[in-house]
Amino acid sequence: MTFTTIKSELKAFANKKVDYMRSYIELQEKLKKEVAEGMKGSKQAQIELADLKSEGETYSQKTYDKIMSDIEQERTKQLEELKSEKNSVTADDVAELMLLESTKDISWEEFEEYLEKYKNKPLAIKKLGEIAQSHTDLSFFDYEKYNIKDRTEKLAEYLKKQAKTYHSEFLINGDNMLLVTAELSLEINETAIGRFFEENGL
């Protein structure tokens with residue numbers, strides 16, 4: 001499981017919820033006509049609608065719970081990897097960073113090499129962020145993209161927010177306007193998620 005896999009899960013979840021919303025509206029129209037023509041009783045029509053709604057809501061709850069669990073597992077896994085022995089800061093790292101901090105002229109290229117070297121060491125990246133802030137030439141450097149710890153946290157929260165939107169706002173209730181809004185937001189959200197992944201180097 002990776003965040004990219006979860007992104008695909010989210011897309012499938014959103015599309016399926018919209019399908020349920022659409023199916024409910026179509027069934028509602030069909031049953032309304034059948035009741036008006038005396039082909040079906042209103043009680044039977046209500047039961048059929050309630051069954052479809054219940055099916056959709058059960059799917060939504062199960063999928064939402066699974067996606068939230070997947071996000072949390074991936075977040076924990078990535079953060080644990082960062083804490084592992086191979087990613088801890090050594091005495092040599094500390095000495096090198098202290099030397100870098102005392103250097104007056106650091107080129108962008110040189111600084112980027114350090115960011116690349118220490119990208120899996122959150123404490124070292126934090127120190128490089130402080131060094132960047134104290135050097136005018138580097139203060140605009142986007143060192144955040146190398147901050148894997150913060151990036152992981154941010155991405156997990158972003159995906160959780162998306163999952164919550166699909167679960168609690170894509171309602172299967174026969175509201176045509178809500179369906180139109182959901183259909184529009186599908187494309188917008190997919191573009192936004194894609195951009196978020198791109199900006200975070202995923």
Side-chain angles (χ1 to χ4, degrees), residues 1-26 52-84 87 112 115-126 128-129 132 139-202:
M1 181 64 61
T2 64
F3 281 133
T4 306
T5 315
I6 294 166
K7 182 176 82 162
S8 300
E9 277 189 312
L10 268 176
K11 184 182 176 181
F13 180 35
N15 281 314
K16 185 79 170 168
K17 278 299 292 281
V18 168
D19 283 345
Y20 270 115
M21 292 168 79
R22 198 180 292 118
S23 296
Y24 187 92
I25 289 168
E26 286 167 2
L52 180 61
K53 184 181 175 75
S54 174
E55 182 191 315
E57 287 178 348
T58 300
Y59 161 79
S60 186
Q61 188 64 58
K62 280 185 179 174
T63 309
Y64 172 71
D65 290 344
K66 182 187 182 303
I67 289 173
M68 293 298 267
S69 170
D70 288 346
I71 292 168
E72 203 46 48
Q73 278 177 28
E74 182 58 23
R75 185 185 78 86
T76 304
K77 187 186 92 177
Q78 290 200 16
L79 294 180
E80 283 303 318
E81 281 173 8
L82 286 176
K83 283 186 202 166
S84 70
N87 293 325
E112 194 160 27
L115 285 166
E116 193 59 41
K117 179 180 177 179
Y118 290 113
K119 67 180 179 184
N120 292 322
K121 299 188 176 189
L123 288 173
I125 286 293
K126 188 180 176 189
L128 285 167
S139 58
F140 296 108
F141 203 99
D142 184 19
Y143 69 90
E144 275 302 316
K145 72 176 182 179
Y146 292 93
N147 189 338
I148 296 175
K149 182 177 183 291
D150 283 2
R151 192 178 74 188
T152 299
E153 296 280 15
K154 199 163 61 169
L155 187 55
E157 288 311 307
Y158 183 79
L159 292 173
K160 281 182 181 180
K161 189 179 162 195
Q162 291 298 324
K164 192 173 182 181
T165 297
Y166 299 146
H167 177 54
S168 59
E169 293 179 24
F170 282 28
L171 303 174
I172 305 160
N173 62 3
D175 186 330
N176 272 296
M177 273 310 295
L178 195 60
L179 173 62
V180 172
T181 306
E183 286 172 334
L184 281 171
S185 69
L186 275 185
E187 200 175 326
I188 294 165
N189 285 349
E190 196 178 336
T191 305
I193 292 171
R195 194 182 302 120
F196 193 91
F197 268 66
E198 204 176 292
E199 285 170 359
N200 286 280
L202 294 155

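Source: prediction; values computed, not measured.
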Can T5 and S8 be counted as having a side-chain donor-acceptor contact under 3.5 angstrom? no
Nearest non-hydrogen partners of L186 and A14, listed with the distance: CD2-CB, 3.3 Å
Which pair of non-hydrogen atoms, one from V18 and one from A182, has the smallest distance, and what is that distance? CG2-CB, 4.0 Å
Flag, side chain of T191 to backbone of E187, donor-acceptor distance under 3.5 Å: yes
Would you call E80-K77 a salt bridge at under 4.0 Å N-O? no
Tightest non-hydrogen contact, residues N189 and Y166, listed as CB-OH, 3.3 Å
Going through the checks in order, is the side-chain contact (heavy atoms from CB on, under 4.5 Å) test met by Y118 and L123? CA-CA 9 Å; Y118 290 113; L123 288 173; over 6 Å; no
Test side-chain contact (heavy atoms from CB on, under 4.5 Å) on E183 and R22; report intermediate values, then the result. CA-CA 10 Å; E183 286 172 334; R22 198 180 292 118; 2.9 Å; yes
Indicate the atoms forming the closest heavy-atom contact of Y59 with F13, along with that distance. OH-CA, 3.5 Å
Is a donor from one side chain sitting under 3.5 angstrom from an acceptor on the other, for E57 and Q61? no
Value for CD (E55) from OH (Y24), rounded to nearest 0.5 Å, stands at 13.0 Å
For H167 and K17, the nearest pair of non-hydrogen atoms, with its separation, is O-NZ, 3.2 Å
Please report the C-alpha distance between L171 and M21 in whole Å, then the side-chain angles of each, then the deciding distance to 0.1 Å, and finally whether the side-chain contact (heavy atoms from CB on, under 4.5 Å) criterion is met. CA-CA 7 Å; L171 303 174; M21 292 168 79; 5.6 Å; no
Is E198 paired with R195 through a side-chain N to carboxylate O contact shorter than 4.0 Å? no
For the student: nearest non-hydrogen atoms of I125 and K119, plus distance: CD1-CA, 3.8 Å
Could you give the distance from CD1 (I6) to CG (L159), rounded to the nearest 0.5 Å? 6.5 Å
Under-4.0 Å salt bridge between K16 and D19: no
Should N173 and K53 count as side-chain neighbours, where that means a heavy-atom distance under 4.5 Å? yes
Please examine the side chains of S185 and F170, heavy atoms only from C-beta on, and report whether any two atoms are closer than 4.5 Å. yes
So CG of N120 and CD of Q78: to nearest 0.5 Å the spacing works out to 10.0 Å
Find the distance between CZ (F3) and CD1 (I71) and round it off to the nearest 0.5 Å. 7.5 Å
Going from NZ on K11 to CG on N15, what distance comes out if it is rounded to the nearest 0.5 angstrom? 6.5 Å
Report the distance from atom CG of D150 to atom CG of L155, rounding to the nearest 0.5 Å. 12.5 Å
In the structure I gave you, are the side-chain heavy atoms of R151 and I148 within less than 4.5 Å of one another anywhere? yes
Hey, mind stepping through K126 and K149 against side-chain contact (heavy atoms from CB on, under 4.5 Å) and telling me if it holds? CA-CA 10 Å; K126 188 180 176 189; K149 182 177 183 291; over 6 Å; no
Salt bridge K160-E72, side-chain N to carboxylate O under 4.0 Å: yes
